[in-house]
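Single-structure report; data block below.
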Amino acid sequence: MSAFSAIGEEAEIDREEFTPGIEPQATWCPGCGDFGVLKALKQAAPEVGLTPDEILLVTGIGCSGKLNSYFDSYGYHSIHGRALPVARASKLANPGLTVLAAGGDGDGYGIGGNHFMHTARENHDMVYIVFNNEIFGLTKGQTSPTSPKGHKSKTQPQGSAKDPVRPLSLGLTSGASYIARTAAVNPRQAGEILAEAIEHDGFAHIDFLTQCPTWNKDAKQYVPYVDVQDSDDYDFDVHDRREAAEMMQETEDVLNEGTVLTGRFYVEEDRPSYQQEKIDQGQMPEEPLAERYFDDDAEWERTADELIARHR
Amino acid sequence: MTDTELIWRLAGGSGDGMDSTGQAFEKALMRMGLSVFSHRHYPSRIRGGHTYFEVRAGPEKVRSRGDGYNFLLALGDSFARNPQEDQPAYYGEEEVKPLSENLDDLREGGVIVYDEGMLDDEDIADIELDERAEENDWHVYPIDLRTIAREHGREIMRNTAGVGATAALIGMDTEPVEQLMEGRMSDEILEDNLTVLEEAYDQVAEMDHTHDLEVPEGSHEADQVLVSGSQAVAYGALDAGCRFIAGYPMTPWTDVFTIMSQNLPAFGGIAEQVEDEIAAASLAIGASHAGAKAMSGSSGGGFALMSEPLGLAEMTETPIVLVEAMRAGPSTGMPTKPEQGDLEHVLYTSQGDSNRVVFAPGTVEECYEQARDAFHVAYDYQIPVTLVIDQKLSGEITNVDEALFDREPDPSLGSVLTEAEVAEASHHESGVFDRYQYDPENDDGVSPRSIPGQQDGRFLATGNEHTPQGHIEEDPDNRVFQMDRRMRKLESIREELADFRNPHDSFYGPDDAEYGIMTWGSQQGTVEEAVDRLNDGGHSVKALSVSDLMPYPKEEVTDLLESVEECLVVEMNASAQFRGLTQKELGRFGEKLSSLLKYNGNPFEPAEIVEGFEIQVNGGGEAPSAQTRIEPATGD
Ligand SMILES: Cc1ncc(C[n+]2csc(CCOP(=O)(O)OP(=O)(O)O)c2C)c(N)n1
Ligand code: SF4
Ligand SMILES: [Mg+2]
């Protein structure tokens with residue numbers, strides 16, 4: 001019998017059950033794109049049959065990091081840039097959990113960029129939502145890794161001389177097995193993509209365009225958006241790495257020229273997740289490690305029996 | 001010469017396979033009934049450079065590497081040669097260094113065996129070996145180990161030939177050495193090694209011997225095993241139920257990380273080598289949060305990267321165990337040299353008031369015990385625990401009672417609720433579990449946790465200040481309640497530590513001694529040996545070796561300091577960090593505390609402590625002859 005009965009329990013629940021009683025109303029600025037992520041998540045979770053106690057939502061620091069204050073599940077609000085290493089270890093310790101990680105563009109592509117690269121390459125079975133508002137929101141509007149070249153802010157008074165990070169391409173070269181971009185202004189698509197990402201068995205990276213009306217953009221700048229799957233102007237195979245790479249390049253090139261391309265950009269279904277690889281190679285127990293600590297009948301190896309003989 | 005102990009130094013190039021030869025020889029001595037203790041000296045590079053493995057063996061418990069040594073087996077450095085014969089060596093004239101660089105520490109009357117096959121007469125003349133041997137009454141045996149190895153096996157078996165020569169010179173039975181070879185080699189390699197051993201033994205046994213050093217005799221009362229500090233830490237963690245490690249290589253921490261990584265899969269656990277130390281510590285946190293006993297660790301620089309996750313573990317009350325294997329700093333410092341310079345770093349790194357536990361085991365046995373205790377304390381009190389060791393302790397290998405390991409494993413997650421208990425536990429009206437309660441009746445400060453996946457156990461863990469449900473909150477009352485509760489855990493731990501089965505802080509020497517010596521961590525054995533010598537020499541001294549650095553053992557140290565006239569604090573750093581901690585914790589005794597410091601990259605030898613103590617009790621006027629420094633008491 002599992003020590004974690006919330007896991008895998010089939011339940012029809014209403015999205016409102018994910019609204020926390022303690023602070024039901026999120027305190028992001030009016031018009032903030034972060035509301036769109038919350039809404040999409042509340043749509044996706046019940047759709048894929050999840051209940052609050054089987055989700056662990058790990059966030060970084062930023063306006064985006066407050067996501068788990070407004071979403072009722074197990075939450076871990078970590079430190080700036082470190083959501084991914086916390087999240088992926090929780091998944092390894094208990095693969096039964098649905099692990100979601102989220103944070104800002106500064107959090108994920110800047111200070112936590114190294115973790116992004118490695119978590120993607122390892123293909124941990126989890127979802128990573130990057131709230132991409134092209135700005136440091138919480139710290140009041142400094143230039144971020146995704147701010148366009150020339151972006152002016154208090155800390156870049158003459159305008160940024162840097163080209164922005166290419167989030168989708170970065171996800172692809174790093175090794176993410178599901179890569180999508182959606183936008184807060186497109187809640188339906190966002191909900192669907194999130195549901196797909198949760199069901200995807202591997203590292204699912206969602207670059208989520210979230211306008212920050214306070215410091216950066218108003219929502220109009222992400223409208224109109226184009227869904228590359230629905231548009232006749234774009235024809236590429238999302239399962240083909242090279243075609244995906246080209247589509248991503250184009251998407252990143254045109255974003256700051258006012259063309260907002262969204263949708264699924266890369267989907268690799270056959271690649272085993274990291275924990276599956278580890279289990280297959282005998283590097284990880286088949287039963288979730290966390291279960292063992294609650295099993296009173298578990299046998300625990302002792303160094304006295306296994307290792308000491310070689311020291312005699 | 002009448003040494004009753006053997007201190008055998010095997011010197012060669014690093015990369016010449018000296019570890020395995022040295023350890024096998026050490027184990028053979030242990031099997032013969034001797035107490036053994038080894039010390040490893042490395043240069044910070046992969047191949048070549050001056051390096052040695054030193055074993056001290058005697059009938060009584062060996063507590064330290066001792067002073068100097070009495071038997072040198074110099075193999076020459078096979079990597080110092082440039083394969084192009086007409087070109088100079090890659091890095092200077094190093095072939096002869098295993099011989100020349102070790103002479104300063106060789107005791108009067110000591111024995112030297114060098115590989116005649118590697119060094120020619122010119123080399124020997126250059127270093128004036130004959131003159132120095134005459135002066136110091138050394139007994140020199142040039143033996144062509146290389147040829148013996150080549151003729152009866154392969155050139156790399158020079159080490160085996162050297163062991164055979166050693167055995168012949170000190171009257172040691174080669175059988176334990178042979179048995180060990182049979183255990184770790186097979187077929188042709190084994191046959192060849194056995195032949196090389198025998199040939200070398202026979203050749204050397206026939207030579208004229210001018211020395212009288214012999215292998216001592218001894219016997220053990222209980223079964224012994226040969227274990228290093230790093231192994232003891234790792235085994236303690238495994239027996240404490242640790243089944244998750246994340247790390248990034250850094251000397252000397254790599255040892256513990258490697259041992260854990262090699263064994264965890266077979267123990268049903270998970271080992272992760274990750275992108276950096278920030279990730280490593282964060283993974284330990286994530287695994288622990290999801291219900292596993294988890295650890296990470298590093299050495300100074302990597303531990304610095306763990307500062308922020310360490311604070312997160314304090315604030316979210318996520319239990320983790322970290323190992324800090326110190327090496328000489330600042331910055332990259334001297335990567336393969338021991339130092340105790342990271343004490344303040346380990347105690348205070350990360351923002352805000354420290355809320356952590358720090359143990360510094362002093363011996364290999366304590367490494368095992370305190371690794372177990374670290375997990376126990378971390379998981380019971382939901383607090384990060386750091387074990388501080390250093391390159392000396394991690395690499396030292398000694399015999400310990402096999403019974404030390406014959407204990408029940410401890411897989412308890414500590415103050416964790418089962419799902420049934422969660423159902424009964426207090427919840428907020430919104431349904432969120434009250435994870436961080438501050439009931440003032442709860443005097444140990446611990447609020448039991450739920451684990452993700454448990455029905456109705458959900459809460460928010462956050463590095464921000466938070467309410468009982470984990471909700472972010474800056475209300476002053478809530479802040480003070482939560483801070484006070486978290487800090488109260490340290491007081492509860494202090495009380496529990498005082499009752500431990502194996503006290504972490506060890507007194508040594510006569511109770512009524514006039515003077516005291518205090519130390520912490522890895523210098524314990526060396527200090528204890530110095531105390532014996534001082535008392536034999538007519539002084540009246542006792543020692544206290546401290547492992548509990550946070551919470552600090554105020555009572556024990558106060559008892560010691562009240563009972564002595566003066567106390568010398570011995571530590572391997574330049575700024576007297578432990579003495580500073582003692583004065584900060586106790587707020588007095590400044591006039592009684594002087595320091596003996598060493599930071600040249602080598603651990604203390606007992607004679608250096610004896611010398612420092614004698615200078616200090618005589619008023620502290622003289623400068624030590626050793627590379628140590630005396631720092632007088634305040635107001636002196
Ligand atoms: C180590 C560290 N450095 C800096 C900060 C300050 N800080 C908090 S959030 C943030 C950037 C926020 O930008 P982003 O990650 O894009 O999140 P957003 O607020 O836009 O959602 C910074 C610099 C911090 N908390 N920790
Ligand atoms: S500052 Fe920007 S990102 Fe932050 S809550 Fe306000 S609108 Fe949203
Ligand atoms: Mg941002």
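Computed over heavy atoms, backbone and side chain alike; hydrogens, waters and symmetry mates excluded. These numbers were taken from a predicted model, which means no experiment stands behind them.
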Does any heavy atom of chain A fall under 4.5 Å from the side chain of Met315(B), the backbone, both, or neither of them? neither
What I want to find out is whether Arg302(A) reaches Asp239(B) closely enough, with some N-O distance under 4.0 Å, to be called a salt bridge. no
The interface call for Ala281(B) against chain A, heavy-atom contacts under 4.5 Å, is neither
Looking at chain B, which one of Lys91(A), Arg312(A), Glu291(A), Arg310(A) has the largest number of heavy-atom pairs inside 4.5 Å, strictly under? Arg312(A)
Proximal component of Lys278(A), with respect to chain B [non-hydrogen, under 4.5 Å]: side chain
Tyr235(B) side chain to Glu306(A) side chain, donor-acceptor N/O pair below 3.5 angstrom: no
Let's test your reading of the structure: which of Gln23(B), Arg407(B), Glu272(B), Arg31(B) forms the most heavy-atom pairs below 4.5 Å with chain A? Glu272(B)
Region of Glu287(A) that comes under 4.5 Å of a non-hydrogen atom in chain B: neither
If only side-chain N and O atoms count, and only distance matters, is there a donor-acceptor pair under 3.5 Å linking Thr318(B) with Tyr76(A)? yes
Pair Arg458(B) + Glu54(A): basic N to acidic O under 4.0 Å: no
In short, Ala290(B) meets Ala290(A) closest at the heavy-atom pair O-CB, 3.3 Å
Just wondering, more than 12 heavy atoms not from Glu286(A) lying within 6.0 Å of its CD? no
Between Asp53(A) and Gly457(B), which heavy-atom pair has the shortest distance, and what is it? OD1-N, 3.6 Å
Full working for side chain to side chain contact (heavy atoms under 4.5 Å, CB included) between Arg243(B) and Glu301(A): CA-CA 10 Å; Arg243(B) 291 295 181 272; Glu301(A) 304 80 3; 3.0 Å; yes
Measure distances from Ala420(B) to the heavy atoms of chain A and classify the residue's part below 4.5 Å as side chain, backbone, both or neither. neither
On a heavy-atom basis, which atom in Gln454(B) and which in Ala6(A) lie closest, and how many Å separate them? C-CB, 4.2 Å
Go through Val227(B), Asn263(B), Leu404(B), Leu180(B) and name the one with the most non-hydrogen pairs under 4.5 angstrom from chain A. Asn263(B)
Is chain B contacted by the side chain of Ile22(A), its backbone, both, or neither, given a heavy-atom distance below 4.5 Å? both
Let me see the working for Phe294(A) and Val416(B) under side chain to side chain contact (heavy atoms under 4.5 Å, CB included), right down to the final yes or no. CA-CA 10 Å; Phe294(A) 288 90; Val416(B) 157; 3.6 Å; yes
Bottom line for Asp72(A): the part with an atom under 4.5 Å from chain B's heavy atoms is both
Less than 4.5 Å apart, any side-chain heavy atom of His77(A) and any of Asn464(B)? yes
In terms of heavy-atom proximity below 4.5 Å to chain B, should Ala3(A) be classed as side chain, backbone, both, or neither? backbone
Counting only non-hydrogen atoms closer than 4.5 Å, does Tyr274(A) touch chain B with its backbone (N, CA, C, O), its side chain (CB onward), both, or neither? side chain
For chain B, which of Gly21(A), Pro285(A), Pro288(A) has the most heavy-atom pairs under 4.5 Å? Pro285(A)
Got Gln231(B) and His311(A) here, is their nearest side-chain heavy-atom distance under 4.5 Å? yes
Chi angles and distances behind the side chain to side chain contact (heavy atoms under 4.5 Å, CB included) call for Phe267(B), Leu307(A): CA-CA 11 Å; Phe267(B) 275 63; Leu307(A) 302 174; 3.9 Å; yes
If you count heavy-atom pairs under 4.5 Å with chain A, which of Thr316(B), Ile285(B), Ile278(B) comes out on top? Ile278(B)
Pro411(B) versus Tyr293(A), closest heavy-atom pair with distance: O-CD2, 3.2 Å
Greatest number of non-hydrogen atom pairs under 4.5 angstrom with chain A, of Ala294(B), Gly431(B), Pro409(B), falls to Pro409(B)
Of the listed His115(A), His80(A), Gln283(A), Lys66(A), the one with the largest count of heavy-atom pairs under 4.5 Å with chain B is His115(A)
As an exercise: rank Ser412(B), Gly183(B), Gly463(B), Gly241(B) by heavy-atom pairs under 4.5 Å with chain A and give me the winner. Gly241(B)
Is Asp276(B) close to Asn114(A) at the side-chain level, that is, under 4.5 Å between some pair of heavy atoms? yes
Any side-chain heavy-atom pair from Ile79(A) and Pro309(B) closer than 4.5 angstrom? yes
Considering only heavy atoms, which portion of Arg88(A) lies under 4.5 Å from any heavy atom of chain B: side chain, backbone, both, or neither? side chain
Could you give me the CA-CA distance, side-chain angles and deciding distance for His289(B) and Leu56(A), then say whether side chain to side chain contact (heavy atoms under 4.5 Å, CB included) is met? CA-CA 10 Å; His289(B) 184 69; Leu56(A) 176 63; 4.0 Å; yes
With a 4.5 angstrom heavy-atom cut-off, could you sort out which part of Leu92(A) is near chain B: side chain, backbone, both or neither? both
Looking at Asn399(B), Thr418(B), Asp456(B), Leu264(B), which one has more heavy-atom pairs under 4.5 Å with chain A than the rest? Asp456(B)
Are there more than 12 heavy atoms of other residues, nucleotides or ligands under 6.0 Å from atom CD of Glu474(B)? no
Just so I understand: if I count every heavy-atom pair under 4.5 Å between each of Ala93(A), Ala304(A), Ser90(A) and chain B, which residue has the most? Ser90(A)
Between Glu402(B) (side chain only) and Ile308(A) (backbone N and O only), is there a donor and an acceptor less than 3.5 Å apart? no
For a quick test of reading the model, state the closest non-hydrogen atom pair linking Gly268(B) to Leu289(A) and the distance between them. O-CD1, 3.9 Å
Whatever's closer than 4.5 Å to a heavy atom in chain B on Ser73(A) counts as backbone
Taking the side chain as every heavy atom from C-beta outward, state whether Ser78(A) and Leu312(B) have any atom pair closer than 4.5 Å. yes
Leu413(B) versus chain A, the contacting section by heavy-atom distance below 4.5 Å: side chain
If every non-hydrogen atom of Ile472(B) is compared with every non-hydrogen atom of Ser69(A), which pair is closest and at what distance? CD1-OG, 3.9 Å
